[in-house]
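Worksheet: the structure to be examined is printed underneath.
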Protein chains: 4
Amino acid sequence: MNKDSKISRPRKRGQKIRETHRREILEAALKVFSRKGYHRASMQEIAAEADFAVGTIYRFFPSKKALYEALVLEEISRFHQQMMLVFRHPPDDPLEALKAVISHRLQLVREHFSFIRMYLAELWEARFRGGFVKEIRDYYEEYLEALAGVLEGFGRRDISNRKLASIIDGILSTLIVEAIENESPLPQTEEIMEILLQPLVWEKR
Amino acid sequence: MNKDSKISRPRKRGQKIRETHRREILEAALKVFSRKGYHRASMQEIAAEADFAVGTIYRFFPSKKALYEALVLEEISRFHQQMMLVFRHPPDDPLEALKAVISHRLQLVREHFSFIRMYLAELWEARFRGGFVKEIRDYYEEYLEALAGVLEGFGRRDISNRKLASIIDGILSTLIVEAIENESPLPQTEEIMEILLQPLVWEKR
Amino acid sequence: MNKDSKISRPRKRGQKIRETHRREILEAALKVFSRKGYHRASMQEIAAEADFAVGTIYRFFPSKKALYEALVLEEISRFHQQMMLVFRHPPDDPLEALKAVISHRLQLVREHFSFIRMYLAELWEARFRGGFVKEIRDYYEEYLEALAGVLEGFGRRDISNRKLASIIDGILSTLIVEAIENESPLPQTEEIMEILLQPLVWEKR
Amino acid sequence: MNKDSKISRPRKRGQKIRETHRREILEAALKVFSRKGYHRASMQEIAAEADFAVGTIYRFFPSKKALYEALVLEEISRFHQQMMLVFRHPPDDPLEALKAVISHRLQLVREHFSFIRMYLAELWEARFRGGFVKEIRDYYEEYLEALAGVLEGFGRRDISNRKLASIIDGILSTLIVEAIENESPLPQTEEIMEILLQPLVWEKR
DNA sequence: TATGAATGAGGGTTCATTCAT
DNA sequence: TATGAATGAACCCTCATTCAT
């Protein structure tokens with residue numbers, strides 16, 4: 001009833017603590033999901049990793065699925081926010097701008113490595129079986145649009161910049177995935193630029 | 001052929017029925033795994049879909065995992081065999097040859113559509129948590145080598161043909177995955193060729 | 001309908017074959033039950049061992065349990081018949097008679113070894129949880145009575161010969177079981193006689 | 001004792017409850033295993049008997065086998081501890097000492113009756129198919145050695161005291177098993193002593 | 001009569017979720 | 001609010017038994 005009345009100040013404090021706990025849980029969840037994959041990860045294990053009781057986790061997330069989705073969403077959102085920074089002040093030269101984008105993306109992949117690994121391992125299922133992907137696609141779309149903006153600088157007319165962006169990011173992703181899969185180092189920006197700068201094949205004269 | 005015709009007939013008949021049932025089970029499994037994903041699919045459900053009792057499935061496959069692996073492996077192997085046909089009699093013109101490869105691959109994706117959908121959804125978990133992936137990679141490697149052979153026709157020297165093959169197939173896959181995900185039609189061969197035939201970006205003069 | 005009419009002669013032949021098959025199945029069952037124990041033995045395995053189809057076994061025994069009970073009963077009955085032979089023409093000297101009994105019993109245990117092993121491993125459950133033990137007890141009782149008859153020769157009065165028989169066979173069994181358990185050779189008749197011939201303990205003078 | 005009184009109280013309480021539940025489960029298991037035997041007993045049934053959910057049992061014992069082994073081992077260990085008490089202060093007179101041992105053992109059998117019934121029923125399967133038997137044999141060996149120590153008092157030289165102990169306990173066990181099987185009362189100490197005190201048979205003069 | 005593929009109830013086990021403390 | 005013991009539905013798998021051939 002009058003529950004809220006007398007805790008108006010403490011609430012703020014509680015809020016803060018709550019937020020801390022939430023983050024601790026999410027971090028633990030990331031660790032365990034990366035290690036084991038969604039299905040093999042147990043709430044017990046996540047709780048143990050987070051140094052909380054199972055019940056406590058349920059005070060923050062209503063279900064395992066919800067925890068997982070929150071984790072993915074926040075992590076992707078964070079990734080996305082950071083990614084978008086590179087489009088703030090693009091160099092004038094489109095080639096330099098593209099280089100900056102690629103280099104930034106590689107750097108982010110490096111930083112979010114354990115998340116990306118989990119993402120690759122588990123998210124395709126959601127991707128194809130329709131889960132909470134809408135937000136994720138929206139982010140991706142926003143990123144592609146921004147990249148298309150950069151590509152506009154080249155003034156290419158025969159193909160939409162949006163499509164071009166998609167293809168270029170596709171190549172980038174292909175190389176990244178290949179590296180992760182082979183446990184080899186991520187590609188260098190220069191290497192990628194070289195690939196993009198010339199036709200892959202040509203008509204024989 | 002008719003060496004032991006007298007006794008082999010009934011055996012052969014049993015073999016045939018067995019093979020039929022096996023296929024029915026694999027088809028049901030494909031449906032259910034596609035619908036639900038590996039973990040959420042239950043043997044009960046697969047059995048029901050196949051119109052068999054659970055126990056029957058275990059007469060053909062020793063475990064759920066084995067069933068899944070057999071399904072993936074057989075389907076991929078078939079896909080691969082068919083894919084490799086295109087390398088049998090390649091046109092002399094490398095461009096024509098590449099076009100044939102791409103067109104053939106698109107066609108196969110169309111034919112194996114529902115399997116590919118399922119496979120993509122589970123691919124990464126399998127990739128990371130190991131399993132039966134070796135054969136699959138071997139197939140893929142064989143395909144890339146063959147593709148590299150085609151690309152040799154272009155006489156490009158600054159990048160290995162193997163790497164080039166990997167990139168080109170990466171682009172192709174990107175476009176295919178995107179199409180599947182968006183439930184839009186697969187790209188046209190010509191469209192892809194155009195992309196490959198010119199640099200994606202260039203230095204501004 | 002008139003099925004039976006024309007097979008009246010062949011029936012006899014069929015009977016014989018039937019009996020042969022029955023024995024083959026029982027022998028196979030003995031092998032498998034000894035190897036695996038009742039619960040871990042499967043009808044499949046017994047059928048394979050007997051070179052019959054599972055279904056065929058069910059034409060001879062209505063259930064696994066029935067097969068097991070028939071096996072035990074027949075084996076015990078056979079054991080018993082052979083055991084009782086020693087009482088046919090007992091030596092006049094009671095000591096010699098007892099010696100003959102013991103020696104005969106040890107010999108039979110040797111001959112029925114694999115059955116005895118199975119019996120020990122599985123039968124106690126039936127023994128204590130009331131199964132088909134009545135016949136078995138009847139046999140045992142008959143044997144003890146016969147043994148008591150032999151012991152009568154000693155003219156002991158302070159204890160019933162029946163009880164004495166029970167105790168003596170108990171000692172015998174103890175030694176046999178111990179030997180089986182330790183996988184050491186069965187005891188010698190003489191050794192046992194010596195034990196029986198003197199008090200195990202005495203009052204200190 | 002009150003070393004860490006402040007924090008250990010709640011822990012201790014939990015411990016106590018845990019121990020209670022553990023005992024309840026073991027008791028239920030004893031009942032069900034007695035009724036049905038190991039194989040026919042189901043975890044469902046044990047859980048129901050214990051008034052717990054199945055899952056709860058698995059919080060205490062990692063598997064059905066482990067539950068069974070814990071049950072047997074604990075019960076036997078307890079039996080053994082109590083048995084060995086009689087060897088603490090043996091009377092000087094060896095006959096009195098032996099009498100005490102026998103009487104004590106009969107008493108313990110009476111007290112652990114329902115367990116012993118179950119144990120006998122499963123004993124042999126365990127014995128032959130290995131498992132946790134080593135500890136049990138060690139207990140038994142310790143007991144036989146102690147009994148041999150008592151028998152030393154008789155100064156018998158023609159047979160090892162260890163062997164004598166084995167035979168005497170064999171007789172004792174025979175009588176006990178027979179009584180249990182026939183659902184007749186256990187034998188009296190005096191009755192057994194009388195048997196031991198004179199030769200079972202003798203040469204006719 | 002003999003076969004053996006098919007059956008499906010029932011087993012042991014796991015783990016997301018609940019709720020009394 | 002935090003706890004974690006308890007829950008029980010649901011999973012994978014086995015195998016005695018049936019029955020169409």
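Because the structure is a prediction, the values reported are computed rather than measured.
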**Asked** Looking at E:dA2, E:dG4, F:dA6, which one has an atom nearest to any side-chain atom of B:R59?
**Response** E:dG4
**Request:** Please report, rounded to the nearest Å, how far the C1' atom of E:dG11 is from the NZ atom of D:K64.
**Result:** 8 Å
**Asked** Rounded to whole angstrom units, what separation is found between the NZ atom of A:K65 and the C1' atom of E:dT17?
**Response** 16 Å
**Asked** Would C:E45 and C:K31 pass as an ion pair if we require N to O under 4.0 Å?
**Response** no
**Atom-pair distance (CZ on B:R18; P on E:dA5), nearest Å** = 7 Å
**Request:** Look at all strands and tell whether B:F61 reaches a base, only sugar-phosphate, or nothing, counting heavy atoms closer than 4.0 Å.
**Result:** nothing
**Polar side chain donor-acceptor pair, C:H39 to D:R40, under 3.5 angstrom** = yes
**Fill in**
Whole-Å distance, D:L67 CG to E:dG11 P, equals 16 Å
**Asked** Between E:dA16 atom P and A:Y68 atom OH, what is the distance in whole Å?
**Response** 14 Å
**Asked** Want to settle it: does B:Q44 or C:D51 sit nearer the 5' end of DNA chain E, counting the closest nucleotide to each?
**Response** C:D51
**Request:** Just call it for B:A41: base, sugar-phosphate, or nothing, with non-hydrogen atoms closer than 4.0 Å on any strand.
**Result:** sugar-phosphate
**Item:** Whole angstrom value for the distance that separates P of F:dT7 from CE of D:M43
**Value:** 14 Å
**Message:** Five pairs per end, C1' atoms only: what is the angle between the end axes of the helix from E:dA2-F:dT21 to E:dT21-F:dA2, to 10 degrees?
**Reply:** 10°
**Message:** Need one value for A:S42: base, sugar-phosphate or nothing, where a base atom within 4.0 Å counts as base even if backbone is also close, heavy atoms only.
**Reply:** sugar-phosphate
**Prompt:** Angle class for the B:Y119/B:F115 ring planes (parallel below 30°, perpendicular above 60°, tilted otherwise)?
**Reply:** parallel
**Item:** C:H39 NE2 - E:dG11 C1' separation (whole Å)
**Value:** 12 Å
**Prompt:** Toward the 5' end of DNA chain E, which comes first, C:F60 or A:S63, by nearest nucleotide?
**Reply:** C:F60
**Asked** Side chains of D:F60 and D:R23: does their closest heavy-atom pair fall under 4.5 Å?
**Response** no
**Fill in**
5'-most contact on DNA chain F (nearest-nucleotide basis), A:H21 vs D:I57, goes to A:H21
**Minimum heavy-atom distance D:A41-D:K64, with the two atoms named** = O-NZ, 2.7 Å
**Asked** Should the pair A:K65-A:E69 be classified as a salt bridge under the 4.0 Å nitrogen-to-oxygen rule?
**Response** yes
**B:F52 CZ to E:dA5 C1', straight-line distance once rounded to whole Å** = 10 Å
**Minimum-distance nucleotide to D:V54 side chain [options: F:dA16, E:dA2, E:dT13]** = E:dT13
**Asked** At under 4.0 Å, does any side-chain N or O of D:T56 touch on OP1 or OP2 of F:dA5?
**Response** no
**B:F61 side chain near B:L26 side chain, heavy-atom distance below 4.5 Å** = yes
